[in-house]
Amino acid sequence: MKKIIIAIDGYSSCGKSTLARALAKKMHYVFIDSGAMYRAITLYLIQHKIKIHHEIEVANALKNVHLAFEFYPETEQNNMLLNGVNVEAEIRDMAVSAKVSEVAAIPSVRKFAVAQQQQMGKLRGIVMDGRDIGTTVFPQAELKIFVTADPAVRVERRFKELFEKNKNITIEEVKANLEMRDYIDTNRSESPLRKANESKELNNSHLSREEQLNIAYKWAMEKINA
Ligand code: DC
């Protein structure tokens with residue numbers, strides 16, 4: 001069967017990764033969470049106390065960053081490896097979330113991540129989620145989905161996820177972080193978040209995971225059989 005590239009973009013905490021992971025599983029495709037790569041780079045810069053506003057320092061630091069994904073069959077999840085170390089848990093911390101949009105706006109960081117993402121798509125049969133996948137990484141993707149959800153639903157979902165790990169987190173903190181990230185992601189000069197013209201919008205505020213998966217799967221099969 002023909003293998004396609006599926007690009008899934010949208011704002012933070014819209015459920016993009018949940019959809020992308022489930023769709024990849026159903027189609028036996030590779031799933032790549034491109035945000036995890038920006039998060040791992042951010043973690044490296046924090047760990048090494050790199051000044052993120054210093055372009056040259058950041059560009060030099062990137063020479064020491066090696067990113068890879070490792071698939072764990074037991075959980076059916078890809079985990080992010082930073083220089084061979086599994087950082088999947090750390091990259092989801094608030095400390096990384098607070099800085100990641102600023103880091104993802106740095107041109108050398110984007111160039112570094114996008115080149116690796118494009119390499120991963122060479123064999124096709126991939127579902128990648130992020131902010132610029134349909135516009136910059138794979139403008140030739142056969143299926144582009146732009147996921148949206150109402151702001152209150154996004155805050156609630158993200159709060160629940162973070163509260164599991166950290167009982168001190170407040171809903172106000174989560175809301176402020178999401179608003180800040182939306183602002184930076186849509187206003188940066190380098191490949192800002194925007195809906196690609198030809199992408200299909202999927203508002204999942206009132207859809208179950210299964211319902212949204214079925215819609216996306218139907219779209220994918222239409223493209224494959226076209
Ligand atoms: O999807 P996420 O919340 O894990 O992404 C973390 C940050 O990385 C987000 O604030 C925007 C940035 N990002 C990006 O600029 N481009 C991508 N393709 C993916 C994520």
Side-chain angles (χ1 to χ4, degrees), residues 5-21 24 30-46 52 58 62 65 67 69 77-80 82 87-121 126-139 141 144-149 151 153-155 157-162 165 169 173-196 199 204:
I5 293 182
I6 302 175
I8 302 188
D9 289 301
Y11 291 93
S12 304
S13 305
C14 275
K16 299 183 301 292
S17 295
T18 305
L19 171 63
R21 184 181 298 115
V30 172
F31 158 60
I32 297 293
D33 167 7
S34 69
M37 299 169 72
Y38 291 99
R39 287 172 176 273
I41 296 168
T42 305
L43 179 65
Y44 182 91
L45 300 180
I46 294 173
I52 62 171
V58 172
L62 288 173
V65 174
L67 303 178
F69 285 97
Q77 302 257 355
N78 259 335
N79 280 11
M80 187 79 239
L82 168 62
V87 292
E88 189 57 37
E90 279 164 282
I91 60 169
R92 311 286 163 195
D93 282 350
M94 212 50 183
V96 171
S97 295
K99 285 263 165 276
V100 65
S101 282
E102 276 182 87
V103 171
I106 304 171
S108 60
V109 168
R110 298 210 71 80
K111 205 168 155 213
F112 176 83
V114 169
Q116 295 186 30
Q117 290 154 5
Q118 289 175 334
Q119 193 59 33
M120 292 170 186
I126 190 169
V127 184
M128 190 178 289
D129 82 289
R131 305 292 186 289
D132 61 339
I133 310 305
T135 53
T136 306
V137 180
F138 299 128
K144 300 179 185 182
I145 302 177
F146 195 81
V147 184
T148 60
V153 173
R154 293 169 57 211
V155 171
R157 283 182 187 158
R158 185 80 182 133
F159 174 72
K160 274 193 193 146
E161 196 181 300
L162 288 170
K165 291 181 257 169
I169 197 107
E173 264 178 284
V174 173
K175 185 165 181 280
N177 177 257
L178 278 191
E179 283 171 356
M180 180 200 72
R181 287 206 279 150
D182 285 357
Y183 183 82
I184 302 177
D185 294 349
T186 41
N187 288 286
R188 67 178 178 225
S189 55
E190 197 84 4
S191 35
L193 168 65
R194 62 178 174 77
K195 182 178 174 294
S199 65
N204 64 20

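Order of appearance sets the numbers: ligands from 1, and atoms from 1 within every ligand.
- Backbone and side-chain nitrogen or oxygen atoms of Y38 are examined, and none is located within less than 3.5 angstrom of a nitrogen or oxygen of ligand 1.
- Between the choices G35, S12, G10, the shortest heavy-atom distance to atom 20 (C) of ligand 1 belongs to G35.
- Shown here for D9 and K16, the closest heavy-atom pair between the two residues is C-CD, 3.5 Å.
- Of all heavy-atom pairs between L178 and S13, the closest is CD2-OG, 3.6 Å.
- Heavy atoms of R110 come nearer than 4.0 angstrom to ligand 1 in at least one pair.
- Here CD of Q117 is found 9.0 Å from CD1 of I32. Values are rounded to the nearest 0.5 Å.
- With values rounded to the nearest 0.5 angstrom, R158 atom CZ is found 5.5 Å from R181 atom CZ.
- With distances taken over non-hydrogen atoms, the option nearest atom 7 (C) of ligand 1 out of I133, V100, T186 is V100.
- At least one N or O atom of S34 sits closer than 3.5 Å to an N or O atom of ligand 1.
- Contact annotation: the side chain of F159 approaches that of I169 to within less than 4.5 Å [non-hydrogen atoms, C-beta and beyond].
- Side chain of S34 to main chain of D129: a donor-acceptor pair is present (N/O by atom type, distance under 3.5 Å, no hydrogens or angles).
- Nearest non-hydrogen protein atom to atom 3 (O) of ligand 1 is R181 NH1, 2.8 Å.
- Residue, atom and distance of the protein heavy atom nearest to atom 12 (C) of ligand 1 are A104 CB, 3.6 Å.
- Close contacts between ligand 1 and D185 involve ligand atoms 9 (C), 10 (O), 11 (C) [criterion: under 4.0 Å to a heavy atom].
- Atoms CG and OH, on L193 and Y11 in that order, are 5.5 Å from each other to the nearest 0.5 Å.
- Residues I5 and A141 share a closest heavy-atom pair of O-CB, 3.6 Å.
- Regarding atom 15 (O) of ligand 1, its nearest protein heavy-atom neighbour is R188 NH1, 2.7 Å.
- Of the heavy atoms in M128, none comes closer than 4.0 Å to ligand 1.
- Partner of F112 under the side chain to side chain contact (heavy atoms under 4.5 Å, CB included) criterion, out of I106, L62, V58: L62 alone.
- Counting only heavy atoms of the protein, atom 9 (C) of ligand 1 lies nearest to R131 NH2, 3.2 Å.
- Counting heavy atoms closer than 4.0 Å to ligand 1, residue R39 contributes side-chain atoms (C-beta onward) but none from N, CA, C or O.
- The shortest N or O to N or O distance between S101 and ligand 1 is under 3.5 Å.
- Residue contact check: G130 has heavy atoms under 4.0 Å from atoms 17 (C), 18 (N), 19 (C) of ligand 1.
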